[in-house]
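All heavy atoms count here, side chains included; hydrogens, waters and symmetry mates do not. Keep in mind the model is a prediction, meaning the values are calculated, not measured. By convention here, the first residue in the shown sequence is residue 1.
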Amino acid sequence: MQLQEWARRSGCDFFSLKEGADAGAVVYKAMERKDEYDVLIIDTAGRMHTKEPLMRELRKVVKNVVRFGEDNLKEVLLVLDATLGQNSLNQAKVFKEAVSCTGLIITKLDSSARGGALISVCSELKLPVKLVGMGEGLGDLYPFCAKDFVEGLLK
């Protein structure tokens, strides 16, 4: 219930169904309530690109959002761990093909990993980095700044 705890800490509402519920069903039920909110964030957590059943489920999640209107799908952001190295490109290719990602969130840039492999992801797939994670706190997600990223690579 990590997501539920973070929603509580940030003062956001949290919506779920019973544990183990189909992700597509959770999203469908949440979309039925979409008019109650300015923004609805759907976190699918932990999708391995090599697990086809999970990728099918992810496509179903996106399909259920679009059922409520194409304009409901503003962003599809793939969260990549900066410590993954070159595996990031393989993962991003599969995700972009499955759900037409619009951008990236890069986490763990505060660790020893510098995220150099992300240059190939952005270049090859034409995906912009939107946000970067520099810690584990509520205020540790920042807008991406290319200058700061390059300076970090060269340190």
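- Here the CD-CG distance, from Gln91 to Asp81, works out to 8.5 Å after rounding to the nearest 0.5 Å.
- Pairs engaging residues 133-142 under the salt bridge (charged side-chain N to carboxylate O under 4.0 Å, His left out) rule: none recorded [sequence neighbours left out].
- Residues Leu141 and Ile105 are in side-chain contact: their nearest non-hydrogen atoms beyond the backbone lie under 4.5 Å apart.
- Asn72 places a side-chain N or O within donor-acceptor distance of the main-chain N or O of Gly69, the cut-off being under 3.5 Å.
- Residues Val121 and Ile119 share a hydrophobic cluster, clusters being chains of Ile/Leu/Val/Met/Phe/Trp/Tyr side chains in contact below 4.5 Å.
- With hydrophobic clusters built from ILVMFWY side chains whose heavy atoms lie under 4.5 angstrom apart, Phe15 does not share a cluster with Leu73.
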Under 3.5 Å donor-acceptor pairs involving side-chain atoms of residues 144-154, not counting sequence neighbours:
residue	atom	partner	partner atom	Å
Lys147	NZ	Glu151	OE2	2.9

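- Considering only residues two or more places apart in sequence or on other chains, Ser123 meets the side-chain contact (heavy atoms from CB on, under 4.5 Å) condition with none of them.
- Here the shortest heavy-atom pairing between Thr102 and Leu127 reads C-CD2, 4.0 Å.
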Just list the side-chain donor-acceptor pairs under 3.5 Å for residues 22-33, sequence neighbours left out, or say none.
residue	atom	partner	partner atom	Å
Asp22	OD2	Gly24	N	3.1
Asp22	OD2	Ala25	N	3.0
Asp22	OD2	Lys60	NZ	3.0
Arg33	NE	Glu36	OE2	3.4
Arg33	NH2	Glu36	OE1	3.3
Arg33	NH2	Tyr37	OH	3.3

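- In this structure, Leu118 and Ser88 have side chains that are in contact, with non-hydrogen atoms separated by less than 4.5 Å.
- Shown here for Ser120 and Leu89, the closest heavy-atom pair between the two residues is O-CD1, 4.1 Å.
- Note: the hydrophobic cluster containing Ile106 also contains Leu125 (ILVMFWY, side chain heavy atoms under 4.5 Å, direct or indirect links).
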Exercise. Could you go step by step and tell me if Leu54 and Glu57 meet the side-chain contact (heavy atoms from CB on, under 4.5 Å) rule?
Worked result: CA-CA 5 Å; Leu54 292 176; Glu57 189 176 65; 4.1 Å; yes

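- Remark: Lys34 pairs with no residue by the side-chain hydrogen bond (donor to acceptor under 3.5 Å, both in side chains) rule, at least two apart or across chains.
- Closest approach of Cys122 and Val129 over heavy atoms only: SG-CG2, 3.5 Å.
- Taken together through direct or relayed side-chain contacts under 4.5 Å among Ile, Leu, Val, Met, Phe, Trp and Tyr, Leu131 and Val99 form parts of separate hydrophobic clusters.
- Cys101 and Leu78 make their closest contact through SG-CB, 3.9 Å (heavy atoms, listed as atom of the first residue, atom of the second, distance).
- Among residue pairs with one or both ends in residues 66-76, those qualifying as salt bridge (charged side-chain N to carboxylate O under 4.0 Å, His left out) are Glu75-Lys130; sequence neighbours excluded.
- Remark: Glu5 CD to Ser10 OG distance equals 9.5 Å, nearest 0.5 Å.
- Side-chain heavy atoms closer than 4.5 Å link hydrophobic residues (I, L, V, M, F, W, Y) into clusters, and following such links, even through other members, never connects Met134 to Leu77.
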